[in-house]
Trainee: 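There's a structure below that I have some questions on.
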Amino acid sequence: MQPQYWIFALVAGILAIELATGRHKGVHRKQDFWIIGSVILGSQVTRIGMAWLTAAIVGLLLPAWKGALAGVPLWAGFLGLLLIAEFGQYWIHRTAHDSVRHPILHGMHRTHHSAPYVNVTLMWRTNLVWPLVHAYTWVAAAGFYLGMTGATTIFYLTIMAWNVLTHSDWRWDDMLIERLPGGRRLVTAAEWILVTPRIHHTHHGYGRDGKAYRNFCTMLSFYDRLFGTLHIPEGRPWRYGLPGGEHVWWRQLLFPLVPLGESRKR
């Protein structure tokens, strides 16, 4: 089985759990299906284009470094890629939430945040151009170019799998807190290093326990601790999504290639 299929299998498994427990009942609107469906289909083309483009640019920037780190131990390569990618993504993600100073990045990223829900389908609710500025895209391209094939594959699968687990409406952190003796202490201790669903869900919310301008990390919460942006909520956010209106679905997908236009009431 090709590596990316493991992520598809994980998404399918969690989606089945969410559906079986009624987490999608009455949640999605027609616009959501248009966005998610378009991303699933469009990514078949954009993924190939992004891979070619990033590989070409990395090759131009590092012409003498092809395969130079092939001898790096697997664990060291994985850890180095993860730390670099999470640091880069933290700042890209944080920048993309600044609508005043960085309106283009903000406009691209708001597609992911405009859904009034959080579940595993958010993995496919992204602007089609967003992967071009995603740190993981470039770090993975550099890792493969430098010869760290195994470490890069494991890094990318790990970060994508964790992204699936923290977007899920199957709240495994709540389950650990409620059902394990000392579960709250266990989860709280893990959150010194790792992002849990409750940490990421609050990033998608507003109102009580919703903090869209906090919790920018995907997997390693200690960068949020280090830079003062970590918020651990007491419960689930009052609302998910963005207050106010929402832009037309195809404009959300194609911005900045097309203008966002006026937002509309939901």
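Side chains included, hydrogens not; waters and symmetry mates left out as well; all remaining heavy atoms used. Numbering of residues begins at 1 and proceeds along the displayed sequence.
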Trainee: Consider only side-chain N and O atoms of R171 and H201, and report whether a donor and an acceptor are under 3.5 Å apart.
Mentor: yes

Trainee: Report the distance from atom OG of S38 to atom CH2 of W124, rounding to the nearest 0.5 Å.
Mentor: 14.0 Å

Trainee: With a 6.0 Å cut-off (strictly less than), is the heavy-atom count around CG of L83, excluding the residue itself, greater than 12?
Mentor: yes

Trainee: Can you find a pair of side-chain heavy atoms, one from L254 and one from V129, that are under 4.5 Å apart?
Mentor: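 In short, these two side chains do not touch, never coming nearer than 4.5 Å.
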
Trainee: Without hydrogens or angle criteria, can the side chains of Y136 and T218 be said to hold a donor-acceptor pair below 3.5 Å?
Mentor: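 Present: a donor and an acceptor within the cut-off.
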
Trainee: Do you know which two heavy atoms are closest between R110 and L242, and how far apart they sit?
Mentor: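 It is NH2-CD1, 3.5 Å.
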
Trainee: How about W130 and L105: do any of their side-chain heavy atoms sit closer than 4.5 Å?
Mentor: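 Yes - at least one pair of side-chain heavy atoms lies under 4.5 Å apart.
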
Trainee: Is it true that E234 and R208 make a salt bridge, defined as a side-chain N closer than 4.0 Å to a carboxylate O?
Mentor: yes

Trainee: How close do A140 and Y156 get, heavy atom to heavy atom, and via which atoms?
Mentor: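 Smallest interatomic distance, heavy atoms only, reads CB-CD1, 3.9 Å.
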
Trainee: Evaluate the side-chain proximity of H28 to T121: yes if any heavy-atom separation is below 4.5 Å, no if none is.
Mentor: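 When only atoms from C-beta onward are counted, H28 and T121 do touch, with a gap below 4.5 Å.
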
Trainee: Would R23 count as a cation-pi partner of W170, with NZ or CZ less than 6.0 Å from the six-membered ring centre and within 45° of the ring normal?
Mentor: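 The answer is no; the distance or angle limit is not met.
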
Trainee: Do I232 and L230 have side-chain heavy atoms sitting under 4.5 Å apart?
Mentor: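 Yes, close enough: below the 4.5 Å cut-off.
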
Trainee: Between V39 and L253, is any pair of side-chain heavy atoms under 4.5 Å apart?
Mentor: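 Of all side-chain heavy-atom pairs linking L253 with V39, at least one is under 4.5 Å.
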
Trainee: Compare all side-chain heavy atoms of I159 with those of E86 and state whether any distance is below 4.5 angstrom.
Mentor: yes

Trainee: Same cluster or not: L41 versus I7, using hydrophobic residues (I, L, V, M, F, W, Y) connected whenever any side-chain heavy atoms lie under 4.5 Å apart?
Mentor: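 L41 and I7: separate clusters.
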
Trainee: Using modelled atom types and a 3.5 Å cut-off, is there a donor and acceptor pairing between side-chain atoms of T158 and backbone atoms of I154?
Mentor: yes

Trainee: Can you confirm whether more than 12 heavy atoms, excluding those of I40, are under 6.0 Å from its CD1 atom?
Mentor: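 Yes.
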
Trainee: Provide the closest heavy-atom pair for A141 versus V58 in the form atom of the first, atom of the second, distance.
Mentor: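 Looking at all heavy atoms of both residues, the closest pair is CB-CG2, 4.1 Å.
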
Trainee: Any chance you could lay out the salt bridge (charged side-chain N to carboxylate O under 4.0 Å, His left out) test for R236 and D169, step after step, and finish with the verdict?
Mentor: CA-CA 11 Å; R236 295 199 181 204; D169 199 20; 2.9 Å; yes

Trainee: I'd like to check D224 versus F216 (side-chain heavy atoms, cut-off strictly below 4.5 Å). Are they in contact?
Mentor: yes

Trainee: Could you tell me whether a side-chain N or O of W172 sits under 3.5 Å from a main-chain N or O of L165, the two making a donor and an acceptor?
Mentor: yes

Trainee: For residues L19 and F33: do they belong to one hydrophobic cluster (side chain heavy atoms under 4.5 Å, members Ile, Leu, Val, Met, Phe, Trp, Tyr)?
Mentor: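 Hydrophobic grouping puts L19 apart from F33.
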
Trainee: List the atom of R184, the atom of I177, and the distance in Å for their closest heavy-atom pair.
Mentor: NH2-CG2, 3.5 Å

Trainee: With a 6.0 Å cut-off on ring centres, are H24 and Y117 close enough?
Mentor: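 Judged by ring-centre distance (under 6.0 Å), H24 and Y117 do not meet the cut-off.
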
Trainee: Taking atom types as modelled and ignoring hydrogens, do the side chains of H167 and H200 form a donor-acceptor contact shorter than 3.5 angstrom?
Mentor: yes

Trainee: Taking atom CZ as the centre, does R225 end up with more than 12 heavy-atom neighbours from other residues, nucleotides or ligands that are less than 6.0 angstrom away?
Mentor: yes

Trainee: Do H203 and H231 pair up side chain to side chain, a donor and an acceptor below 3.5 Å, judged on atom types alone?
Mentor: no

Trainee: Any chance the side chains of R125 and S114 put a donor and an acceptor closer than 3.5 Å?
Mentor: yes

Trainee: Determine, using the 4.5 Å side-chain heavy-atom cutoff (strictly less than), whether L60 and W138 are members of one ILVMFWY cluster.
Mentor: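 No, because L60 and W138 fall into different hydrophobic clusters, even though each may have its own neighbours under 4.5 Å.
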
Trainee: Same cluster or not: are I84 and F144 linked, directly or through other Ile, Leu, Val, Met, Phe, Trp or Tyr residues, by side-chain heavy atoms under 4.5 angstrom apart?
Mentor: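 Looking at the clustering, F144 is in a separate group from I84.
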
Trainee: Under the 3.5 angstrom rule, does the side chain of T202 hit a backbone N or O of I199 as a donor-acceptor pair?
Mentor: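 A pair under 3.5 Å: no.
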
Trainee: Going by atom types alone, do E191 and T196 pair a side-chain donor with an acceptor below 3.5 Å?
Mentor: yes

Trainee: Distance check, rounded to the nearest 0.5 Å: I92 atom CD1 versus F87 atom CZ?
Mentor: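 So the CD1 of I92 and the CZ of F87 are separated by 10.5 Å.
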
Trainee: Look up atom OG in S168 and atom CD1 in I14, then write down how far apart they are to the nearest 0.5 Å.
Mentor: 4.5 Å

Trainee: Please determine whether the number of non-hydrogen atoms from other residues, nucleotides or ligands lying under 6.0 Å from atom CH2 of W65 exceeds 12.
Mentor: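 Not more than 12 within 6.0 Å, no.
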
Trainee: Between H247 and Q252, do the side chains contain an N or O donor and an N or O acceptor separated by less than 3.5 Å?
Mentor: no

Trainee: Is any NZ, NE, NH1 or NH2 atom of the basic residue among R29 and E246 found under 4.0 Å from an Asp or Glu carboxylate oxygen of the other?
Mentor: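 Salt bridge flag = yes for E246 with R29.
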
Trainee: Quick one: does any side-chain atom of N127 pair with a main-chain N or O of T111 as donor and acceptor, under 3.5 Å?
Mentor: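 Such a contact is absent between N127 side chain and T111 backbone.
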
Trainee: Please report the interatomic distance CG(L53) to CG(L132), rounded to the nearest 0.5 Å.
Mentor: 6.0 Å

Trainee: I'd like to know if I104 and L257 are part of one continuous hydrophobic network [Ile/Leu/Val/Met/Phe/Trp/Tyr, side-chain heavy atoms within less than 4.5 Å].
Mentor: yes

Trainee: Taking the ring centre of each residue, are H204 and H113 less than 6.0 Å apart?
Mentor: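 H204 vs H113: aromatic centres under 6.0 Å.
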
Trainee: With no hydrogens and no angle check, do the side chains of Q89 and Y223 hold a donor and an acceptor under 3.5 Å apart?
Mentor: no

Trainee: Quick one: does W162's side chain have a donor or acceptor within less than 3.5 Å of a partner on V195's backbone?
Mentor: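 The answer is yes, because a donor-acceptor pair under 3.5 Å joins these two groups.
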
Trainee: Rounded to the nearest 0.5 Å, what's the gap from CG on L122 to CD1 on I35? Could you check?
Mentor: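 Reported value, rounded in 0.5 Å steps: 10.5 Å.
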
Trainee: Can you tell me if D209 uses its side chain to pair, donor with acceptor, with the backbone of P233 under 3.5 Å?
Mentor: no

Trainee: Give, for atom CG of L157 and atom CG of L10, the distance between the pair rounded to the nearest 0.5 Å.
Mentor: 10.5 Å

Trainee: Within a strict 4.5 Å, meaning less than it, do heavy atoms of the N215 and T229 side chains meet?
Mentor: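 Sidechains of T229 and N215: no contact.
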
Trainee: May I ask you to check whether H93 and H109 show a side-chain donor-acceptor distance below 3.5 Å?
Mentor: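 Yes.
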
